[in-house]
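Every number for a ligand or one of its atoms is a count from 1 in the order of the listing. On a predicted model such as this, the values are computed, not experimentally measured, just so you know.
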Amino acid sequence: MSKMTQIIDKSEENILHTYNRFQIVLDHGDGVNLYDADGKEYLDFFSGIGVFALGHNMPEYTEALKEQIDKIMHISNLFYNEPTANAAEKLIKVSGMNKVFFTNSGAEAVEGALKAAIKYAYNKDGKHDHEIIAMDHSFHGRTCGALAVTGKLAYREAFEPLISKVNFAKMNNLQSVLDLINDKTCAIIMETVQGEGGIYPADKEFIEGIYKLCQEKDILLILDEIQCGLGRTGYTYAWQQYDVKPDIMTTAKALGNGVPVGAFLMNEKVAANSLVAGDHGTTYGGNPFAGAAVNKVLELFETKDIVGHVRELTPYLEEKLDALVGKYDCIKERRGQGFMQGLELTIKPGDVVNKGIEKGIFTITAGTNVLRLLPPLVIEKKDIDKMYDILDSVFAELA
Ligand SMILES: *Cc1c(COP(=O)(O)O)cnc(C)c1O
């Protein structure tokens, strides 16, 4: 029996089967490449679902983590620590928000965001019947609050009722949002670019329209930037390209570059009128180890001008993907921004992913008919060329 088969069998014997996993054991990574336990190399065009923004094994990053491990990893939130103080200062600066709360995951950041919004509304009128508007095709995580605002019924159905009333509008259809607004509406939550749902960027008119509406009615705008945030679209946060500003924002995935960490951030208005001491907490959130990771990630984003790099290479990536769209009838269109791209297919995207893995590339699906590309933000032209060559041969075989 191969080593991979042994590890897979052991995993399936003991780990609850909530994922249909690829029959691959990944062992280590280097830059934009991943290696399985049998030594096969793969070009990484999914970054562990948009997490490894800086690629694998970046020396400056891993050194910073090792240093922190030797000092202290955890102290609880009953004390202060320097790495997290520095990380918070940097995150406030690049986001333009006012206050941050560190979490351990994306879903937990969404939970906190929802709690802040509900508390804000409760402080205003003392009522318990507030409603939230979310979007069809959205994805906000698997915990009960995050699930309640996730627009895929199959994920929610068995677990309902979840949190208080959530109504689903259509992304990029302002009228569908207007139709749902009433006196009880306390927040609108949406991804600036929908990821899991199939790579749907918000139209400028739509997101700016929602922002205006929220301003007028004192409804809180929660932008979920967990997947599209931190450089992936060519902006540190995707909303920064529009004339909008969220009241509350969530971030995770790329934030720790592999260390499990997320955050929700708020503007001054929400910070002054929502969660106070005793309202929210976490044992691990913002511990020195996670703080050191975030601090280093934000430092490297600046010194390596990661956002500038994404912007510079986006036209080349889009040109190559558009060439595939032009060449194969089974690719209907390309959608996306920066290094967050989707190809809508008339064939099964899962088949493309599987064939790609055979030929040495990792991609990922989104929605029901989209092939999603989330490469590390440090890819170079040669990696894009290699991606093109592999996918070209994949589509040639499947078309
Ligand atoms: C991944 C994701 C989440 C959930 O994050 P977890 O860390 O898996 O809990 C929430 N929102 C969006 C937009 C995501 O892409």
Side-chain angles (χ1 to χ4, degrees), residues 16 18-19 21 46-53 95 101-117 132-152 155-156 159 162-163 166 168 171 187-202 207 221-233 235-239 246 248-265 282 284-286 290 293-294 297 335-342 363-367 370 372-375 377:
L16 187 68
T18 58
Y19 281 93
R21 296 172 208 262
F46 93 121
S47 311
I49 322 186
V51 168
F52 274 97
S95 67
F101 182 103
F102 286 106
T103 66
N104 308 290
S105 69
E108 198 190 333
V110 173
E111 296 291 327
L114 294 172
K115 275 181 76 175
I132 292 165
I133 297 176
M135 300 297 149
D136 282 343
H137 302 294
S138 64
F139 182 84
H140 298 292
R142 302 302 198 124
T143 53
C144 287
L147 192 56
V149 291
T150 286
K152 185 167 174 176
Y155 286 170
R156 288 197 319 268
F159 308 100
L162 294 158
I163 61 159
V166 178
F168 289 91
M171 183 82 163
I188 299 176
I189 182 167
M190 60 183 278
E191 299 154 82
T192 314
V193 182
Q194 289 187 332
E196 304 298 314
I199 312 291
Y200 293 99
I207 195 166
L221 175 58
I222 306 172
L223 291 181
D224 182 344
E225 291 260 348
I226 289 169
Q227 190 162 148
C228 62
L230 282 185
R232 188 153 288 283
T233 63
Y235 294 83
T236 302
Y237 286 103
W239 60 263
I248 304 172
M249 183 191 96
T250 57
T251 179
K253 291 196 165 91
L255 184 64
N257 197 53
V259 170
V261 55
F264 63 98
L265 297 102
T282 161
Y284 294 128
V294 173
V297 166
R335 286 194 297 269
Q337 292 179 347
F339 288 2
M340 183 173 186
Q341 297 284 343
T363 57
I364 183 173
T365 63
V370 175
R372 179 169 32 151
L373 303 172
L374 301 171
L377 305 185

query = Does Glu225 have a heavy atom less than 4.0 Å from any atom of ligand 1?
reply =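 No, Glu225 has no heavy atom closer than 4.0 Å to ligand 1.
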
request  = Kindly compute the distance separating CD1 (Ile226) from CD1 (Ile49), expressed to the nearest 0.5 Å.
outcome  =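 Between Ile226 CD1 and Ile49 CD1, I get 12.5 Å after rounding to 0.5 Å.
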
query = Looking just at side-chain N and O atoms, do Glu225 and Thr251 make a donor-acceptor pair shorter than 3.5 Å?
reply =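 No donor-acceptor contact under 3.5 Å links the two side chains.
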
Can you list the atoms of ligand 1 that are under 4.0 Å from a heavy atom of [X]?
X: Asp224; value: 10 (C), 11 (N), 12 (C), 13 (C)
X: His140; value: 10 (C), 11 (N)
X: Glu191; value: 13 (C)
X: Ala107; value: 4 (C), 5 (O), 6 (P), 9 (O)

Closest to atom 5 (O) of ligand 1 among Ala252, Gly106, Gly262 (heavy-atom distance) =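 Checking each option, the heavy atom nearest atom 5 (O) of ligand 1 is found in Gly106.
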
ask   = If only atom types and distance count, is the side chain of Arg232 paired as donor or acceptor with the main-chain N or O of Pro375 below 3.5 Å?
value =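 Looks like yes, one N/O pair under 3.5 Å.
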
ask   = Judged by atom type as modelled, is there a donor-acceptor pair below 3.5 Å linking the side chain of Ser138 to the main-chain atoms of Gly151?
value =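 Pair found, side chain donor or acceptor close to backbone of Gly151.
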
ask   = If you look at every heavy atom in Ile163 and Gly145, which pair is closest and at what distance?
value =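 Looking at all heavy atoms of both residues, the shortest contact is CG2-CA, 4.0 Å.
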
task = Decide whether an N or O pair under 3.5 Å exists between Phe139 and ligand 1.
result =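 Phe139 vs ligand 1: N/O contact under 3.5 Å present.
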
task = Measure up the Phe139 and Tyr155 rings against each other and bin them: parallel (under 30°), tilted (30 to 60°), perpendicular (over 60°).
result =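 Perpendicular.
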
query = Is the OH atom of Tyr284 crowded by more than 12 outside heavy atoms at less than 6.0 Å?
reply =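 Counting other residues, nucleotides and ligands, OH of Tyr284 stays at 12 neighbours or fewer.
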
request  = Pick one of side chain, backbone, both or neither for how Lys253 approaches ligand 1, counting any non-hydrogen atom pair under 4.0 Å.
outcome  =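 Side chain only.
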
request  = For atom 8 (O) of ligand 1, state whether the nearest protein heavy atom is under 4.0 Å away.
outcome  =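 Within 4.0 Å: no protein heavy atom nearby.
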
